[in-house]
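One structure is given here, and the rest of the page talks about it.
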There are 2 protein chains.
Amino acid sequence: MQDQRRFEQRARVLKALAHPTRLFLVDELSRGECCVADLTEKVGADMSTVSRHLARLRDAGILVDERRGACVYYRLRVPCVLDFFGCVEAALSADDGDGTAGP
Amino acid sequence: MQDQRRFEQRARVLKALAHPTRLFLVDELSRGECCVADLTEKVGADMSTVSRHLARLRDAGILVDERRGACVYYRLRVPCVLDFFGCVEAALSADDGDGTAGP
DNA sequence: TGCATGTTTGGCAATATGGCCAAATATGCA
DNA sequence: TGCATATTTGGCCATATTGCCAAACATGCA
């Protein structure tokens, strides 16, 4: 397992994405930047929780943040993450995980 | 957050990929099917550990397994997962996480 | 059947993750 | 400065993940 470092780096990015709320945030931000307060309202969790999710995506290189006045705005830094989901859905079609068969 | 179910399903797939050893296994299997014993040797961990990683990828719909005789062979079911990594590297170029600056 | 090989599963301890509340920090404005 | 709003961080607990060992299971062959 020689390229261990590389796999660890990749895993860190995928791990950052591997959470329903964080996927929701990425999806929201794919429509344009947004501040923490607005995202918090959409998610419906504590702002501290949302802030931590955003920080995690930022630290993984997926988002960028920018403070403008009192608000901090986040936006996608790597829009290609959205391309993942077609493939992810392909995996889901074999295993939708909730017992309901696919089409 | 209406499409919660969808985000949970996607997260399950990404979570299955989000581990260095499992990424290594996917990478190995991208070169063709392989049995658990051979993969175990390449990974260098306990076979029970490797078996669990493989099962997790299979349950996520990423791999398929097939028993032939005494051996169980795994192979990629969703080769498009490999397309992820170009994008993942793009995220890494901003944050390689180990303090060494990118090129 | 009995044994060897290959694989999965049960159980356990160490560690990581997730979410909330409270407190700290940052900014704008009176 | 002092207060209100926006965001992050510390602390804590509940839960999930990971990896090993040992034990169970599956298969092929003598």
Side-chain angles (χ1 to χ4, degrees), chain A residues 1 4-5 7-26 28-29 33-60 62-75 95 97-98, chain B residues 1 4-5 7-26 28-29 33-60 62-75 95 97-98:
Chain A
M1 194 137 102
Q4 176 123 20
R5 171 70 58 90
F7 291 118
E8 282 169 5
Q9 291 172 332
R10 287 175 174 180
R12 204 176 316 126
V13 175
L14 290 170
K15 240 165 147 173
L17 284 168
H19 189 283
T21 298
R22 293 195 289 270
L23 290 177
F24 172 80
L25 290 168
V26 166
E28 272 310 309
L29 293 172
E33 67 170 20
C34 196
C35 70
V36 181
D38 288 353
L39 290 169
T40 295
E41 193 185 348
K42 289 177 184 179
V43 168
D46 195 278
M47 183 181 277
S48 68
T49 299
V50 174
S51 174
R52 282 199 154 104
H53 282 308
L54 291 166
R56 187 142 179 207
L57 289 165
R58 167 174 36 72
D59 294 346
I62 297 160
L63 304 183
V64 241
D65 62 337
E66 182 185 352
R67 178 176 280 275
R68 291 204 295 274
C71 300
V72 175
Y73 292 85
Y74 281 85
R75 60 174 178 276
D95 171 82
D98 60 358
Chain B
M1 192 136 103
Q4 178 123 17
R5 170 70 57 92
F7 291 119
E8 283 168 4
Q9 292 173 332
R10 288 175 173 179
R12 204 176 315 126
V13 175
L14 289 170
K15 241 165 147 175
L17 284 168
H19 189 285
T21 299
R22 292 194 291 270
L23 290 178
F24 172 80
L25 290 168
V26 167
E28 271 312 308
L29 293 173
E33 67 171 20
C34 196
C35 69
V36 180
D38 288 353
L39 290 169
T40 295
E41 193 185 348
K42 290 176 185 179
V43 168
D46 195 278
M47 182 182 277
S48 68
T49 299
V50 174
S51 173
R52 282 200 155 102
H53 282 308
L54 291 167
R56 187 144 178 202
L57 289 164
R58 167 174 34 74
D59 294 347
I62 297 160
L63 305 182
V64 243
D65 64 337
E66 182 184 353
R67 178 177 281 274
R68 291 205 294 274
C71 301
V72 175
Y73 292 85
Y74 281 85
R75 60 175 179 275
D95 170 83
D98 60 358

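As the structure is a prediction and not an experimental result, all values here were calculated from the model. In the text below, chain A, chain B and the rest are named by the order of the sequence lines, each starting its count at 1.
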Out of dC20(D), dT9(D), dG18(C), whichever nucleotide has its closest atom nearest the side chain of Arg22(A) |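 The listed nucleotide nearest to Arg22(A)'s side chain is dG18(C).
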Looking at dT7(D), dG18(C), dT9(D), which one has an atom nearest to any side-chain atom of Ser48(A)?
-> dT9(D)
Using whole Å, what does the distance between atom [atom2] of nucleotide [N] and atom [atom1] of [X] come to?
X        : N       : atom1 : atom2 : value
Phe24(B) : dG19(D) : CZ    : P     : 14 Å
Met47(A) : dA4(D)  : CE    : C1'   : 14 Å
Asp46(B) : dG10(C) : CG    : C1'   : 14 Å
Arg58(A) : dT7(D)  : CZ    : C1'   : 11 Å
Phe7(A)  : dT18(D) : CZ    : P     : 17 Å
Glu41(A) : dT5(D)  : CD    : P     : 15 Å
Leu54(A) : dG19(C) : CG    : P     : 12 Å
Arg52(B) : dA23(D) : CZ    : P     : 15 Å

Could you walk me through whether Lys15(B) and Arg56(B) pass the side-chain contact (heavy atoms from CB on, under 4.5 Å) check?
-> CA-CA 9 Å; Lys15(B) 241 165 147 175; Arg56(B) 187 144 178 202; 4.0 Å; yes
Counting only side-chain N and O atoms of [X], is one of them less than 4.0 Å from OP1 or OP2 of [N]?
X        : N       : value
Arg56(A) : dT17(C) : yes
His19(A) : dG19(C) : yes
His53(A) : dT17(C) : no
Thr49(A) : dG19(C) : no

Which heavy-atom pair separates [X] from [Y] by the least distance, and what is that distance?
X        : Y        : value
Leu29(B) : Tyr74(B) : CD2-O, 3.3 Å
Leu23(B) : Arg10(A) : CD1-CB, 3.5 Å
Cys71(A) : Cys35(A) : CB-CB, 4.2 Å

Ala55(B) near the nucleic acid: base, sugar-phosphate alone, or nothing, with a heavy-atom cut-off under 4.0 Å?
->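 Nothing, no heavy atom under 4.0 Å.
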Using the closest heavy atom to pick a nucleotide of DNA chain D for each, name whichever of Ser51(A) or Lys15(A) lands nearer the 5' end.
->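 The residue mapped nearer the 5' terminus is Ser51(A).
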Residues, nucleotides or ligands: over 12 heavy atoms within 6.0 Å of Glu66(A) CD =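 Yes, enclosed.
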Contact list for DNA chain D against residues 65-75 of chain B - heavy-atom distance below 4.0 Å =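 Result for residues 65-75 of chain B: Arg67(B), Gly69(B), Ala70(B), sorted by number.
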Evaluate the ring planes of His19(B) and His53(B), with Trp represented by its six-membered ring, and classify them as parallel (under 30°), tilted (30 to 60°) or perpendicular (over 60°).
->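 Rings of His19(B) and His53(B): tilted, 30 to 60°.
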Is any side-chain N of the basic residue among Glu33(B) and Arg68(B) closer than 4.0 Å to the acidic one's carboxylate O?
-> yes
